[in-house]
Amino acid sequence: MMAGLALLLGTATAAMAGARPPVPDANIAVQLFSLHKDLARDPAGTLKALRASGVTQVEAFNTLGLEPAAFKALLDQAGLTASGSHVGIKDLRDNVQGIIETAKIVGYRYVGVAWLKPPGAGANQGIGPAEVDAAIAAYRSACPALKAAGLRVMYHLHGYEFAADGAGTLLDRLLAGLDPACVELQMDVFWVLKAGVDPVTLLEKLGGRVKLLHVKDMRPGASTGEYTGSAPPGDFAPVGQGSVDWTALLAAARKAGVDWYVLEDESPTPTAHLALSLAWLQGR
């Protein structure tokens, strides 16, 4: 499958040639979780194919079971750099020094948590105040050391934060507890939309707190108003072929000062979807 990634991406991008890219290449990365199945089978080949497609930066979700130095060497051999990484809430709470050491070795510029659901939680289960409060406590404890190490710190919105919490939402609770001087937000466009929230309106509301986007689209007609952080694989669509008004969203993102646009695809055909999404992002 991965053997065709470079060809797919190159062909799709060439079709868009001549148009002004809406996002500079220097601000685009690909979340490696999109290709986790291929990475498990052939990490070196998958990364090299990704680089051959024109991608230069990736966002990690772990070090693929390797020591940080070995993971860095694998990226170097492919000609890729890692913009940042998602980290587990447990590591943020209990292993801040390990996060810092890994970031220094691999070269991450930012780190942040992307998943708060407890182990064993079902697909239809969201989170509650206990998970939010635990995350707030972990960020408050970890922030000074992470910032002192020169890292940017972010929290990734995954949709379940929009569930009700008293008169407000869990997101209100989370934002009230996080220090905006330390914690930036990574807005996942798909999961915000899946929760029934307009991503453009949210960007405008949150203003400068959102500095990173996870760029992915939703199939027209997919259900919304769900706060589980889970969705049928068929709900994911290539950027520009779904429900998102990307022209308005990218304008709002520029105004908010977003500086990382991270492509991610969780569909059954991530290679093909990434080809189309990258072409749109680079060539529209």
Side-chain angles (χ1 to χ4, degrees), residues 31-34 36 58-66 68 71 82-106 108-149 151-163 165 168-188 190-192 194-195 206 209-214 226-231 260 262 264 266:
Q31 167 53 246
L32 288 178
F33 186 77
S34 307
H36 66 279
V58 297
E59 181 182 79
F61 63 99
N62 58 31
T63 58
L64 305 182
L66 302 171
F71 180 57
S83 59
S85 183
H86 290 172
V87 299
I89 185 65
K90 186 176 184 298
D91 281 335
L92 188 72
R93 184 189 68 214
D94 300 332
N95 191 27
V96 175
Q97 192 56 42
I99 292 174
I100 292 171
E101 290 172 1
T102 297
K104 286 181 177 178
I105 292 169
V106 182
Y108 302 147
R109 282 158 276 182
Y110 62 83
V111 295
V113 173
W115 190 246
L116 292 185
K117 289 173 69 167
N124 294 322
Q125 180 179 342
I127 63 170
E131 286 79 22
V132 171
D133 291 346
I136 291 170
Y139 271 101
R140 285 180 175 175
S141 176
C143 259
L146 293 173
K147 297 295 283 186
L151 287 166
R152 291 170 60 177
V153 184
M154 61 82 171
Y155 175 83
H156 172 94
L157 295 177
H158 215 289
Y160 38 56
E161 302 90 352
F162 296 96
D165 178 47
T169 66
L170 291 173
L171 179 60
D172 296 329
R173 186 186 192 99
L174 180 70
L175 295 181
L178 296 179
D179 179 3
C182 175
V183 185
E184 303 170 355
L185 298 178
Q186 182 179 64
M187 190 181 87
D188 189 305
F190 176 94
W191 292 117
V192 167
K194 191 67 174 172
L206 296 178
R209 294 190 77 164
V210 178
K211 294 300 183 186
L212 312 92
L213 293 184
H214 259 204
E226 300 169 6
Y227 312 119
T228 64
S230 300
W260 280 108
V262 183
E264 184 180 36
E266 300 180 54

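The figures here come from the full heavy-atom set of this structure, side chains too, leaving out hydrogens, waters and symmetry mates. The structure presented is a predicted model; accordingly, all values stated were derived computationally and were not measured.
For the atom pair CZ of F33 and CG of N62, the computed distance is 9.5 Å after rounding to the nearest 0.5 Å. For the atom pair Y227 OH and L170 CG, the distance stands at 10.5 Å (nearest 0.5 Å). The CD1 atom of I127 sits 7.5 Å away from the CG atom of L174 when rounded to the nearest 0.5 Å. For the atom pair L213 CG and E264 CD, the distance stands at 12.5 Å (nearest 0.5 Å). Expressed to the nearest 0.5 Å, how far CG of L32 lies from CZ of F61 amounts to 6.5 Å. Rounding to the nearest 0.5 angstrom, the gap separating the CZ atom in R209 from the CG atom in L178 is 6.5 Å.
Residues P129 and D165 approach most closely at CG-OD1, 3.6 Å, considering heavy atoms. Here the closest heavy-atom approach between residue S83 and residue W260 is recorded as CB-CH2, 3.5 Å. Nearest heavy-atom pair across A195 and G159 is CB-O, 3.6 Å. Across L151 and Y110, no two heavy atoms sit closer than the pair CD2-N, 4.3 Å. Listed here is the closest heavy atom pair of C143 and V183: SG-CG2, 3.7 Å. Contact detail for A114 and H158: the closest heavy-atom pair is O-CD2, 3.1 Å.
Side-chain contact check for E161 and Y155: at least one donor-acceptor pair (N or O, by modelled atom type) lies under 3.5 Å. A donor atom on one side chain and an acceptor atom on the other are not found under 3.5 Å apart for T228 and Y160. Side chain to side chain, E59 and Q186 meet the donor-acceptor criterion of an N or O pair below 3.5 Å.
Using a cutoff of 4.0 Å between basic side-chain nitrogens and carboxylate oxygens, D188 and K194 are not scored as salt-bridged. At a threshold of 4.0 Å, the pair E184-R152 counts as salt-bridged, since one of the basic side-chain nitrogens sits closer than that to a carboxylate oxygen.
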Handout entry: Pair H86-H214, ring pair (Phe, Tyr, Trp, His ring centres under 6.0 Å): steps then yes or no
Key = CA-CA 12 Å; H86 290 172; H214 259 204; 5.3 Å; yes
Practice task
Evaluate the criterion side-chain contact (heavy atoms from CB on, under 4.5 Å) for residue pair I89 and W115; output intermediate values, then yes/no.
Solution key: CA-CA 7 Å; I89 185 65; W115 190 246; over 6 Å; no
Handout entry: Verdict with reasoning, D133 to R173, per side-chain contact (heavy atoms from CB on, under 4.5 Å)
Key = CA-CA 8 Å; D133 291 346; R173 186 186 192 99; 2.8 Å; yes
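Between the side chain of K117 and the backbone N or O of E131, no donor-acceptor pair lies under 3.5 Å. Formation of a donor-acceptor pair under 3.5 Å by the R140 side chain with backbone atoms of D179 is not found in this model. The main-chain N or O of A123 is found under 3.5 Å from a side-chain atom of S230 such that the two form a donor-acceptor pair. Judged purely by atom type and a 3.5 angstrom limit, D172 uses its side chain to pair as donor or acceptor with the backbone of T169.
The shortest side-chain heavy-atom distance between L175 and L185 falls under the 4.5 Å cut-off.
For the side-chain contact (heavy atoms from CB on, under 4.5 Å) with M187, the lone residue among L212, L206, L157 that qualifies is L157.
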May I have the list of side-chain donor-acceptor pairs in residues 94-105 shorter than 3.5 Å, sequence neighbours left out?
from, atom 1, to, atom 2, distance (Å)
N95, OD1, G98, N, 3.2
T102, OG1, G98, O, 3.0

